[in-house]
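First comes the structure, then the notes that go with it.
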Amino acid sequence: MKTLLLIDGSSYLYRAFHAMPDLRSPEGLPTGAIYGVVNMLRRLEKDVQFDYSACIFDAKGRTFRDDLYPEYKANRPSMPDDLRLQIAPVHQLVEALGWPLLAVEGVEADDVIGTLATVAEQQGFRVIVSTGDKDIAQLVTPNVTLVNTMTNETLDEAGVVEKFGVPPTQIIDYLTLIGDKVDNVPGVEKCGPKTAVKWLEAYGSLDGVIEHAAEVKGVVGDKLREALPRLPLSRELVTIKCDVDLKKELPQGLDDLEHRARDAATLADAFRTHGFRTWLKEAEQWLADSGVAPASANGEAAQAELFGGGGDDPVSPVPVKATVERDYRCVLTAAQLDELLTGLASAPVVSFDTETTSLDPFAARLVGMSFAWQEGLAYYLPLAHHYAGVPEQLNFDATLAVLKPWLEDANRPKLGQNLKYDRHVLANHGIELAGIVDDTLLQSYVIESHLTHNMDDLAERHLGETTISYEEICGKGAKQIGFAEVDIDTATRYSAEDADITLRLDHAMKPQLAGRLMDVYRDIELPASVVLYAMERTGVLIDRQRLAAQSHELGLKLVELEQQAYELAGQPFNLNSPKQLQEILFGKLGIDTKGVKKTPSGGYSTDEGVLEKLALDHPLPKLILQNRSLAKLKSTYTDKLPLQINPDTGRVHTTYSQAVAVTGRLASTDPNLQNIPVRTAEGRRVREAFIAPPGHQIVSADYSQIELRIMAHLSGDKGLLAAFQSGADIHRATAAEVFGVALDAVSADQRRAAKAINFGLIYGMSQYGLAAQLEIDNAQAKQFIDRYFMRYPGVAEYMQRTRDAAREQGYVETVFGRRLYLPEIRSSNGARRAGAERAAINAPMQGTAADLIKLAMIKVHAWLTEQGLKSRLIMQVHDELVLEVPDAELELIKRELPRLMAGAATLAVPLLAEVGAGDSWEAAH
DNA sequence: CTGCTAGCATA
DNA sequence: GTATGCTAGCAGA
């Protein structure tokens with residue numbers, strides 16, 4: 001069977017343009033898209049076996065769709081000049097590489113592809129369409145498959161079903177319902193992929209949906225009925241035309257699509273002009289082989305060869321040992337500063353980094369700054385180094401004043417590694433950094449959240465470069481010196497390298513942020529970092545006196561407990577030492593160790609669960625438990641929090657780590673405000689010290705059962721969806737189903753068991769885990785689980801699907817496309833593998849919840865800003881947002897905050913957020 | 001002084 | 001059973 005390979009040139013042109021760094025030819029013309037498309041073609045040539053081929057582009061001018069619908073593509077921004085300039089060179093290279101090129105006026109590239117695929121299939125060909133455009137999925141048949149060369153994804157019929165939830169034959173109907181924002185094709189408002197799939201499953205086709213439109217309930221139903229008159233037009237717009245007349249272009253039919261010999265001379269000329277050095281060498285070799293003397297190669301070094309190494313798989317790039325010449329310059333004189341400023345003023349985007357006196361963003365003072373806008377060239381501007389014999393530096397205040405306009409200009413694009421930190425540092429000097437367009441920390445996190453993201457590791461992984469580490473120049477531990485004491489030459493080498501490497505990392509990682517990963521990066525992580533900065537900067541007001549009083553009280557109780565414990569033990573010992581306690585309990589007191597859990601290192605555990613059991617027979621363990629919980633409260637919270645109050649602001653400023661939790665959650669440090677006690681009455685008193693200033697209230701809103709709702713959404717289980725739709729108490733509803741009783745006949749124990757099952761599901765439960773949690777035997781736990789899955793079969797299927805997907809692709813995804821890799825999912829070690837499976841089950845739920853609340857934070861922050869309100873977000877605790885609200889805005893916030901949170905995204909289940917307000921965080925619940 | 005363990009706070 | 005961060009104690013520098 002012969003194979004026809006069709007390439008959607010237009011789709012790749014756009015994608016390459018946006019995915020590639022801003023490459024330039026020696027003459028300064030843009031070449032990124034050219035490089036990307038040629039790279040892709042070369043890879044296809046190498047990887048795919050085919051007999052005939054064509055590369056298809058959109059032609060200039062109007063198409064029949066514009067005539068059908070004047071507003072078609074009206075939302076598209078006009079083509080950037082830098083892209084337009086690359087079209088002709090791409091066409092030239094495509095032909096020189098030997099690919100038949102088609103661009104037919106009056107239709108789009110898709111239509112030509114559809115027509116060729118149809119004709120070829122009729123003539124018994126196998127057809128492979130290489131595209132990045134999802135609309136083309138409608139062309140898939142048993143003989144027509146898609147391949148996305150940028151992500152290495154292939155789609156056959158089963159793949160289309162897996163990806164979209166509908167077979168290729170329903171893709172047109174699916175796209176019609178959803179509509180297309182970019183092309184301005186109206187669909188049904190509020191109808192996204194999930195709803196479209198649901199309807200098509202229920203009614204079989206778009207016509208079926210239209211027929212049954214009257215039956216669809218709720219707001220979406222109304223929106224559907226509103227959309228009805230528009231749908232036939234939308235269907236026409238999204239339908240790829242498969243009968244384009246190609247007689248003029250292909251008089252011989254498919255025989256005109258034979259791959260031709262490459263034109264080495266044209267290629268060599270073009271590669272030289274564009275500055276593609278590696279390919280130029282290759283082309284010159286071809287010329288030499290064919291006996292034609294190569295023209296002399298000159299021109300400056302091009303950068304292109306450094307990215308992707310000329311054909312790496314973007315998912316697992318092999319770093320090419322870079323051979324970038326380094327030119328690192330130190331700025332010490334007015335003339336050098338002028339040179340720097342001139343560069344900054346004209347650079348399209350600048351990599352920026354600060355050097356400081358401290359890692360604590362609120363204590364840090366500037367020591368110097370580095371800048372890079374061209375690979376290999378970077379500037380270090382020392383401002384506050386001080387050591388014996390330090391050369392004279394530019395004046396600190398005057399130089400900052402000169403740089404301030406550039407730093408604060410939102411139209412001067414900047415990128416960096418964890419710029420949230422640099423923003424704080426500059427803010428400490430009265431400068432509001434603006435124009436942040438990229439952050440390599442967040443790029444790396446979105447690409448591979450399970451790996452490390454420090455710059456030294458990133459440079460090694462993505463660039464094959466070994467960088468100077470901070471420890472190498474500052475030492476470590478007690479002997480570590482401040483950056484200000486580092487001599488300026490060394491500092492220049494270190495800091496300029498940081499800016500340079502960051503710039504190169506951005507270039508290396510951008511192409512890996514394809515498709516939905518780019519959306520997570522652009523639409524979630526980058527905007528979320530702005531909100532987090534603001535929250536950290538605002539801080540939280542803490543009632544110091546109240547905590548001091550609590551500390552005192554706790555201290556008295558602890559002394560008392562201590563004395564009682566010594567008496568029971570018959571000797572004094574350190575209650576906080578698990579080792580000493582173990583000796584007392586199992587040695588001196590001779591408590592039976594049978595059935596006592598061991599610690600990983602072999603000793604007998606004295607953790608909460610163990611002590612609780614022992615407390616049934618002995619008085620001491622109970623005392624220890626009380627002591628532990630009070631000691632924890634005192635040492636971690638009531639003693640420590642007051643010490644973390646910033647003397648300048650009188651508030652506590654946490655740092656949110658945006659790139660540590662593999663699932664996409666945030667983490668809070670210094671101090672951790674995400675583990676302030678809440679479960680016990682005594683612990684909750686700490687929250688009484690989280691207060692609002694006079695004239696303000698604390699407002700808190702938390703998502704109700706967010707992870708279970710996400711499970712309902714992801715699994716699509718009818719029973720679970722219905723339970724959430726009904727608004728019933730979900731644990732009670734689960735109990736009623738599992739135990740087969742009426743809702744109002746559910747006992748307290750049954751509800752407790754159901755709650756444990758629900759939580760267990762989120763954590764990838766096993767019968768053993770559930771048995772331990774509920775203190776029942778394994779057989780009984782298994783019975784509960786079996787009954788649950790019997791009642792909610794969709795959930796059981798979803799769990800299995802997730803495990804399978806994790807094993808097959810090595811990662812799982814959130815609703816928004818965030819990826820979590822599970823390196824141990826194929827481990828031969830059963831325990832490790834089981835652990836990875838549990839993580840695989842938990843990650844889409846925990847991760848989607850994290851995505852949702854980030855989206856909510858972005859919305860809330862934007863809304864507060866747009867409305868000019870004085871309320872401020874001050875904390876995020878995974879499913880809860882806390883704000884400080886002036887009394888005048890209280891009612892507005894209490895009304896709108898839960899609405900914004902619930903509207904963060906539309907899932908198959910309603911989202912619900914519950915709000916409260918009070919003088920303290922405790923009172924807000 | 002540094003790095004590790006056990007234990008425990010949160011969602 | 002998932003995901004985190006912090007503290008005290010302790011052993012080995």
Side-chain angles (χ1 to χ4, degrees), chain A residues 449-450 476-480 573-582 597-611 624-625 627-641 643-644 654-657 660-680 682-684 686-687 702-708 711 756-774 781 785 799 802 812 820 822 831 834-847 849-850 853 875-881:
Chain A
S449 70
H450 62 303
K476 59 174 188 161
K479 290 185 290 267
Q480 190 170 61
F573 68 103
N574 186 341
L575 305 201
N576 295 320
S577 164
K579 186 162 168 275
Q580 291 183 31
L581 178 61
Q582 189 191 132
K597 195 170 65 170
K598 298 280 193 95
T599 63
S601 55
Y604 291 108
S605 167
T606 61
D607 73 9
E608 196 175 312
V610 171
L611 294 186
I624 301 292
L625 284 170
N627 181 278
R628 280 220 187 123
S629 92
L630 297 188
K632 173 90 176 174
L633 282 181
K634 185 168 188 294
S635 67
T636 312
Y637 304 107
T638 62
D639 282 355
K640 281 285 151 49
L641 275 174
L643 300 178
Q644 319 242 25
T654 186
T655 298
Y656 288 101
S657 308
V660 296
V662 290
T663 51
R665 270 194 183 180
L666 300 175
S668 159
T669 61
D670 309 305
N672 181 354
L673 297 185
Q674 292 180 322
N675 71 345
I676 304 300
V678 68
R679 284 175 204 188
T680 66
E682 267 166 332
R684 265 201 300 279
V686 176
R687 293 184 174 222
D702 61 313
Y703 280 115
S704 162
Q705 306 295 351
I706 182 107
E707 293 184 355
L708 271 184
M711 184 170 88
I757 294 173
N758 281 333
F759 274 99
L761 289 162
I762 294 169
Y763 297 152
M765 166 172 70
S766 69
Q767 52 174 293
Y768 309 105
L770 184 66
Q773 178 69 35
L774 288 174
I785 296 171
M799 298 286 167
T802 305
V812 290
L820 172 72
L822 301 147
E837 284 181 2
R838 291 193 296 271
I841 293 205
N842 175 255
M845 295 184 263
Q846 192 182 120
I853 197 161
M875 286 187 279
Q876 188 255 41
V877 193
H878 307 310
D879 66 356
E880 174 185 12
L881 293 180

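Proteins come first, then strands; the chains are lettered A, B, ... in the order of their sequence lines, and each starts at number 1.
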Check the distance between [N]'s [atom2] and [X]'s [atom1] and give it to me in whole angstrom.
X	N	atom1	atom2	value
A:L673	B:dA11	CG	P	13 Å
A:I762	C:dG1	CD1	P	16 Å
A:N675	C:dT7	CG	C1'	11 Å
A:K634	C:dT7	NZ	P	13 Å
A:Q582	B:dT5	CD	C1'	12 Å
A:D879	C:dT4	CG	P	17 Å
A:L820	C:dT2	CG	P	13 Å
A:L625	B:dC8	CG	P	7 Å

Say whether, by atom type as modelled, one donor and one acceptor occur between the side chain of [X] and the main chain of [Y] under 3.5 angstrom.
X	Y	answer
A:N842	A:M845	no
A:Y703	A:A849	no
A:T663	A:G847	no

### Query
Who passes side chain to side chain contact (heavy atoms under 4.5 Å, CB included) against A:V877, sequence neighbours left out?
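So A:V877 forms a side chain to side chain contact (heavy atoms under 4.5 Å, CB included) with A:Q674, A:E880, A:W921.
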#### Entry: Listed partners of A:R628 passing side chain to side chain contact (heavy atoms under 4.5 Å, CB included), at least two apart
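A:R628 satisfies side chain to side chain contact (heavy atoms under 4.5 Å, CB included) with A:L581, A:T606, A:L611, A:I624 once adjacent residues are dropped.
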Nucleotide nearest [X] when distance is taken to its side chain, options [options]:
X	options	value
A:R838	B:dG7, C:dA3, C:dG1	C:dG1
A:S601	C:dG5, B:dT10, B:dT5	B:dT5
A:V678	B:dT10, C:dA3, C:dG1	B:dT10
A:A839	C:dA3, B:dG7, C:dT4	C:dA3
A:T606	B:dT5, B:dG7, C:dC6	B:dG7
A:K632	C:dT2, B:dA9, C:dT4	B:dA9

Looking across every strand, which nucleic acid part, if any, lies under 4.0 Å from [X] by heavy atom: base, sugar-phosphate, or nothing?
X	answer
A:R679	base
A:L770	base
A:A756	base
A:E707	nothing
A:F759	nothing
A:D702	nothing
A:T636	sugar-phosphate
A:S668	sugar-phosphate

Shorter than 3.5 Å, N or O on both sides, protein versus nucleotides 1-4 of chain B: list them out with atom names.
residue : atom : partner : partner atom : Å
B:dT2   : OP1  : A:A478  : N            : 2.8

side-chain hydrogen bond (donor to acceptor under 3.5 Å, both in side chains) involving [X] - partner list, sequence neighbours excluded:
X	answer
A:R687	none
A:T654	A:S668
A:N758	A:H731, A:T734
A:Q767	none

### Task
Using a 4.0 Å cut-off on protein heavy atoms (strictly under), produce a 5'-to-3' string for nucleotides 8-13 of chain C with B for base contact, S for backbone-only sugar-phosphate contact, and - for none.
SSSS--
### Message
Tell me every residue that passes ring pair (Phe, Tyr, Trp, His ring centres under 6.0 Å) with A:Y763, counting only those two or more places apart in sequence or in another chain.
### Response
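Testing A:Y763 for ring pair (Phe, Tyr, Trp, His ring centres under 6.0 Å), a comparison that skips the adjacent residues, returns none.
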### Query
Should the pair A:E707-A:R665 be classified as a salt bridge under the 4.0 Å nitrogen-to-oxygen rule?
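Salt bridge present between A:E707 and A:R665.
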### Query
Any N or O donor-acceptor pair linking the side chain of A:Q674 to the base of C:dT4 at under 3.5 Å?
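No pair found.
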### base_contact_polar (B:dA11 base, A:R665 side chain, donor-acceptor, <3.5 Å)
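Present.
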### Query
Reckon A:S629 has a side-chain N or O less than 4.0 Å from the OP1 or OP2 of B:dA9?
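No.
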